[in-house]
Amino acid sequence: MTVFAHLEPYAGDPILSLNDAFQKDPRPGKINLSIGIYFDDAGRMPVLQCVRDAEAQMLAESAAKPYLPIAGSEPMRRAVQALLFGAGHEAVTGGRIATLQTIGSSGGLKVGADFIKRWLPGSAVWVSDPTWDNHRAMFEGAGIPVHTYPYYDASTGGLAFGRMLEVVSSLPPRSIVLLHACCHNPTGVDLDAGQWQQLIPVLRQRELIGYLDLAYQGYGDGIAEDAAAVRQMASSGLPFFIANSFSKSMSVYGERAGALSVVCADRAEAELVLGQLQATVRRNYSSPAIHAAGIVSRVLGDPALRAMWEADVTAMRERILAMRRQLHGVLSARRPERDFGYFLTQRGMFSYTGLSGAQVDRLREEFGVYLVRSGRMCVAGLNSGNVERTAQAMAAVL
Ligand code: LMR
C-alpha cells in the first residue's frame with residue numbers, strides 16, 4: 001500500500017545542505033564558511049574547558065536523570081534571566097519575565113510562534129530583509145503570515161534604518177517585529193544604541209510586539225554589551241519575546257541549550273504567560289534536556305567556570321575581529337578600487353560579502369570556498385591558514 005508516494009521531495013535546508021556538501025567534498029584545501037559555527041585557528045570546533053569542567057562535576061555527582069519540569073531547570077532559568085537582563089533589573093526582581101529552558105533557541109522560537117498563533121491569532125510576523133533562512137519557515141510552519149521590513153542597504157553594506165523605521169511605523173497594532181538583538185544573521189549589520197532608542201518609541205506608539213533573537217551573545221562587543229538592546233527593551237516596559245542560545249557562545253551546538261523569555265507588564269501576567277508556554281511545550285516535546293541545563297547553569301553560576309567562559313568568549317570574539325582585519329587587508333590590497341570597509345563594521349560571525357549567487361558558485365566550484373548562496377560568509381570559519389587563500393579567491397571572482 002503506497003500512502004506516501006505523493007509526497008514532494010524535501011529540497012533540503014540551504015545552510016545545512018551546503019554544510020553536508022562541504023563534508024563530502026574530497027578536495028584537501030576546501031574552506032567552510034557556510035554554517036554558523038565557530039572554529040578555532042586550527043580549524044577545529046573548540047570544546048571549552050569550562051564546559052568540560054561542568055561535565056566532570058556532573059559525572060562525579062553521578063546523579064539520576066529524571067524528567068526536567070516542563071519549563072526546564074530552575075537554576076538555568078534564573079541564570080538565563082540574570083545573563084540577559086542583569087540580575088538586579090527591575091523586570092527580573094519584579095517577576096515580570098516568563099522564562100523557559102528550550103531545545104536550543106530554535107525550540108524557543110517555535111514555542112513562541114505556537115503561543116502567538118494561539119493567543120494573538122490576528123498577529124502577523126515581520127522579519128528583516130534578509131533574515132536567517134529558517135525564521136520564515138518557523139513562523140509560517142506555525143500558521144502565521146510572515147512579511148518583511150527593509151533592513152540591509154546593499155549600496156553601503158550597512159543598515160537601511162530610515163526605510164526600516166518607515167515600514168515599522170506603518171504596521172498594524174499587535175504585529176510581531178522580529179529583531180536580531182546583536183550580530184545580525186546573515187548580514188552582520190546591527191542597530192546601534194541610538195537606533196534602538198528611536199525604534200522603541202515606534203513599537204510603543206504602534207502597539208507592536210518585539211521578538212528578539214539572540215544567538216550570538218558575546219560575539220559582537222561583549223557578553224553584557226550584546227544584551228544592551230534586550231535591557232533597553234525591558235526598561236521600556238513594552239512586552240516582548242526573546243529566544244536566546246548557548247550553542248555558539250559555549251560551543252555546545254548539539255546539546256540544544258537555549259531559552260525563551262517573555263517580558264510582560266507585571267508578575268500576574270508573566271504567570272499566565274508561563275502557564276500557556278508550558279502547555280505549548282507539553283504538546284510539543286514535553287520537557288527540555290537535562291544535560292544542557294547542567295552545563296549552562298554550572299558555567300553561568302560557578303564563579304570560576306564563569307570567569308573561564310568569559311575569557312573564552314573574549315578570545316573567540318577577538319579572533320574573529322583579527323580575521324575580519326586580515327581579510328579586509330588582503331582584499332583591499334588586491335582590489336584597491338573597491339571599499340571593503342563593511343568587513344570591519346559588520347559584527348559577529350557573519351558578513352554579507354556582496355557576492356552574487358553566481359560568484360558564490362564560482363568560489364565553491366573553482367576554489368573550494370563554501371559560502372551561503374546569498375553571499376553570507378561565516379567569518380568564524382576563517383583562520384590564519386586559510387584567510388589569505390579566501391581573500392585571493394574572492395578577489396578573483398569579484
Ligand atoms: C546558521 O545560521 O548557519 C546557524 O544558525 C546554523 C543553522 O541552524 O542554520
Side-chain angles (χ1 to χ4, degrees), residues 10-23 25 30-40 43 45-46 102-113 127-142 146 148 151-152 178-190 211-220 226 242-260 285 289 292 313 316-317 320 323 346-353 355 357 360 363-364 369-382 390:
Y10 177 44
D13 177 84
I15 297 173
L16 302 182
S17 305
L18 195 63
N19 191 49
D20 290 344
F22 174 83
Q23 306 304 336
D25 188 330
K30 62 186 179 174
I31 299 169
N32 191 2
L33 309 176
S34 62
I35 194 164
I37 290 181
Y38 177 90
F39 294 101
D40 64 16
M45 186 187 295
T102 55
I103 307 291
S105 60
S106 293
L109 283 167
K110 169 72 170 129
V111 168
V127 299
S128 60
D129 178 19
T131 191
W132 181 47
D133 284 306
N134 213 22
H135 278 146
R136 174 178 287 276
M138 264 181 185
F139 285 98
E140 285 182 347
V146 177
T148 58
Y151 191 80
Y152 177 70
L178 194 116
L179 297 155
H180 300 232
C182 74
C183 307
H184 183 268
N185 179 5
T187 65
V189 174
D190 288 337
Y211 199 139
L212 272 55
D213 186 347
L214 178 59
Y216 300 91
Q217 190 175 4
Y219 280 91
D226 289 351
I242 169 161
N244 77 293
S245 171
F246 295 96
S247 296
K248 339 272 174 174
S249 65
M250 291 190 183
S251 192
V252 291
Y253 303 87
E255 297 295 354
R256 314 309 295 129
L260 173 68
Y285 53 81
V313 173
M316 293 193 282
R317 179 177 63 252
I320 293 176
M323 288 302 110
Q346 295 172 351
R347 277 283 169 278
M349 268 196 190
F350 303 115
S351 263
Y352 232 34
T353 58
L355 292 174
V360 168
L363 269 186
R364 187 182 63 254
V369 179
Y370 282 68
L371 266 65
V372 178
R373 214 159 176 277
S374 62
R376 185 191 84 169
M377 168 192 282
C378 178
V379 188
L382 292 173
T390 301

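The analysis underlying the following values was restricted to heavy atoms, covering all of them including side chains, and did not include hydrogens, waters or symmetry mates. Here the structure is a predicted model, which means the values were calculated and not measured. Ligands are counted one by one from 1 in listed order, and the atoms in each one are counted from 1 as well.
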**Asked** Who passes side-chain hydrogen bond (donor to acceptor under 3.5 Å, both in side chains) against His180, sequence neighbours left out?
**Response** Thr131
**Request:** Check side-chain hydrogen bond (donor to acceptor under 3.5 Å, both in side chains) between Asp133 and all other residues, then give those that pass, not counting sequence neighbours.
**Result:** none
Throw together a table of side-chain donor-acceptor distances under 3.5 angstrom for residues 249-257, partners on residues two or more places apart or in other chains.
unit_1 : atom_1 : unit_2 : atom_2 : d
Ser251 : OG     : Pro46  : O      : 2.7
Tyr253 : OH     : Tyr38  : N      : 2.9
Arg256 : NH1    : Tyr253 : O      : 3.2

**Asked** Relative to the ring of Phe139, is the ring of His135 parallel (under 30°), tilted (30 to 60°) or perpendicular (over 60°)?
**Response**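 If you compare the ring of His135 with that of Phe139, the planes turn out tilted.
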**Request:** Look at the side chain of Tyr219 and the backbone N and O of Lys248, then say whether any donor-acceptor pair between them is shorter than 3.5 Å.
**Result:** yes
Are any protein N/O atoms closer than 3.5 Å to the N/O atoms of ligand 1? If there are, list each pair with names and the distance to one decimal place.
unit_1   : atom_1 : unit_2 : atom_2 : d
ligand 1 : 2 (O)  : Trp132 : NE1    : 3.2
ligand 1 : 2 (O)  : Asn185 : ND2    : 3.0
ligand 1 : 2 (O)  : Arg376 : NH1    : 2.9
ligand 1 : 3 (O)  : Gly36  : N      : 2.7
ligand 1 : 3 (O)  : Arg376 : NH2    : 2.8
ligand 1 : 5 (O)  : Tyr216 : OH     : 3.3
ligand 1 : 5 (O)  : Lys248 : NZ     : 3.0
ligand 1 : 9 (O)  : Trp132 : NE1    : 3.0

**Prompt:** Hey, mind stepping through His184 and Tyr151 against ring pair (Phe, Tyr, Trp, His ring centres under 6.0 Å) and telling me if it holds?
**Reply:** CA-CA 10 Å; His184 183 268; Tyr151 191 80; 4.2 Å; yes
